[in-house]
Protein chains: 2
Amino acid sequence: MSSRIKEIENKLVHAKFKLTTPRRLIMEILLENEGDHLTAEDIHNRLREKGHQVGLATVYRTLELFCELDILSRLNFEDASSYYELEEQDQHHHHLICLSCNKIIEFSDELLEDFMESIEKKYGFEVTDHKIKYLGYCSDCHD
Amino acid sequence: MSSRIKEIENKLVHAKFKLTTPRRLIMEILLENEGDHLTAEDIHNRLREKGHQVGLATVYRTLELFCELDILSRLNFEDASSYYELEEQDQHHHHLICLSCNKIIEFSDELLEDFMESIEKKYGFEVTDHKIKYLGYCSDCHD
DNA sequence: ATAGGAAATGAATTCCATTATCACTTGAAA
DNA sequence: TTTCAAGTGATAATGGAATTCATTTCCTAT
């Protein structure tokens with residue numbers, strides 16, 4: 001994981017941005033919660049829980065910067081918030097968003113043929129809309 | 001177009017909602033601007049331009065109701081606003097969102113094979129991300 | 001090392017889309 | 001018509017995100 005930090009630090013330095021403490025701390029939070037979808041507020045809270053005091057504005061600015069550098073991707077679901085997750089260059093994935101419980105299920109993008117059918121089978125997901133973001137009801141929520 | 005209004009009115013009545021003046025006026029705006037992607041504010045403004053005075057809260061409430069009745073669909077792009085468009089039961093489509101000029105290009109969902117390639121060709125669109133919402137640069141904006 | 005200056009930060013403020021509140025009005029069922 | 005739940009409108013409240021600006025920090029050149 002230290003190498004992941006190094007890798008990200010290199011991206012920053014290469015793009016002529018400074019290596020600051022807040023940026024390092026935010027990186028750490030992101031790596032510790034890899035796989036999760038965090039909001040700016042989530043990150044801000046976890047920083048405070050760990051006793052680090054970083055301004056919320058800085059969190060927003062840093063997340064935006066990391067997106068520009070392709071360290072993060074920003075996800076917009078159906079609510080007002082933006083969620084962030086670490087960009088994993090190889091395993092690109094999409095999201096199933098359950099309209100009932102708001103669960104987010106990730107699925108890989110191997111095949112585009114029989115795409116929808118296989119997803120419906122695999123996740124027991126009833127697709128009710130098909131807007132390219134997949135919305136519907138997950139196996140726990142549909143009748 | 002009068003038949004379209006009738007059709008929508010039937011949906012409302014059938015679901016036991018009242019046929020009120022604000023709802024009728026909003027329907028008209030939507031039909032007059034079919035194919036566009038309108039925000040609540042857009043609709044509110046067009047109502048005022050036409051001399052009709054409908055509260056913004058009512059516009060929001062009506063749009064939400066129309067979405068529930070599948071009269072409208074709500075689209076969330078990369079900015080803070082929601083956009084609404086009339087649901088056309090047959091010709092389902094997706095959106096290409098140009099990160100540079102914010103143009104929105106609609107494309108149909110006929111084939112899932114060679115999906116990306118055909119879209120890239122058809123619209124001269126350089127896909128830079130692949131998050132299921134297609135973001136990138138349109139033919140006017142890429143180099 | 002250190003001084004200088006640009007970049008970055010933090011606290012507070014502002015912005016803006018959306019939602020909630022609540023008194024008032026209206027559509028339609030009886 | 002009368003009745004009253006449903007719907008509306010003005011305004012305030014909310015909440016996420018952006019902005020402002022004075023202060024601090026990182027880094028380069030000396």
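In what follows, every chain begins at residue 1, and chains take the letters A, B, ... in the order their sequences are listed. In what follows, every heavy atom counts, from backbone to side chain, and hydrogens, waters and symmetry copies are set aside. What you see is a predicted model, and the numbers here were worked out from it, not measured in a lab.
For the pair B:Leu65 and B:Leu12, the tightest heavy-atom approach, listed with the atom from each and the gap, is CD2-CD2, 3.8 Å. Residues B:Glu87 and B:Leu72 come closest through the heavy atom pair OE1-O, 3.9 Å. Closest non-hydrogen pair, A:Ser81 versus A:Thr39, comes out as CB-CG2, 4.1 Å.
Rounded to whole Å, atom P of D:dA17 lies 10 Å from atom CG of A:Asp42. Rounded to whole Å, the distance from CG on A:Asn76 to P on C:dT18 is 13 Å. When the P atom of C:dG27 is taken as reference, atom CG of B:Leu25 falls 12 Å away, rounded to whole Å. In this entry the distance linking CG of A:Asp79 with C1' of C:dT19 reads 14 Å, nearest Å. For the pair B:Leu56 CG and C:dT21 P, the interatomic distance rounds to 17 Å; values are reported in whole Å. Residue B:Lys16 contributes atom NZ, which lies 17 Å from atom C1' of D:dG7 at whole-angstrom precision. Rounded to a whole Å, the CG atom of B:Leu12 is 14 Å from the P atom of C:dG27. The distance between atom CZ of B:Arg23 and atom P of D:dG9, rounded to the nearest whole Å, is 11 Å.
Checked for salt-bridge contact, B:Lys50 and B:Glu32 meet the test: a charged N lies under 4.0 Å from a carboxylate O.
Close to D:dA17, at under 4.0 Å from its OP1 or OP2, lies no side-chain N or O of A:Ser81.
If you run salt bridge (Lys or Arg N to Asp or Glu O under 4.0 Å) between B:Glu9 and each of B:Arg4, B:Arg23, B:Arg24, only B:Arg24 comes through.
Contacts between residues 58-69 of chain A and DNA chain C, defined by a heavy-atom separation under 4.0 Å, are made by A:Thr58, A:Arg61.
Comparing D:dG9, C:dA17, C:dA12 by their closest approach to the side chain of B:Gln53 singles out D:dG9. Looking at the side chain of A:Ala57, the nearest of the listed nucleotides C:dA12, C:dT18, C:dT9 is C:dA12.
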* Heavy atoms under 4.0 Å is the rule here; annotate nucleotides 24-30 of chain D 5' to 3' with B where the base is hit, S where only the sugar-phosphate is, and - elsewhere. => --BS---

* Given B:Glu7 and B:Asn10, is the side chain to side chain contact (heavy atoms under 4.5 Å, CB included) satisfied, shown in steps? -> CA-CA 5 Å; B:Glu7 189 189 319; B:Asn10 286 341; 5.6 Å; no

* To do: Apply the test side chain to side chain contact (heavy atoms under 4.5 Å, CB included) to residues A:Met27 and A:Leu30: give CA-CA distance (whole Å), side-chain angles for both, the deciding distance (0.1 Å), then the verdict.
  => CA-CA 5 Å; A:Met27 267 181 232; A:Leu30 291 169; 5.6 Å; no

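The residue B:Thr39 sits apart from the nucleic acid: no heavy atom pair falls under 4.0 Å.
A donor-acceptor pair under 3.5 Å is absent between the side-chain atoms of B:His37 and the main chain of B:Glu85, judged by distance alone.
Residues that satisfy the side-chain hydrogen bond (donor to acceptor under 3.5 Å, both in side chains) test with B:Asp79, not counting sequence neighbours, are B:Tyr83.
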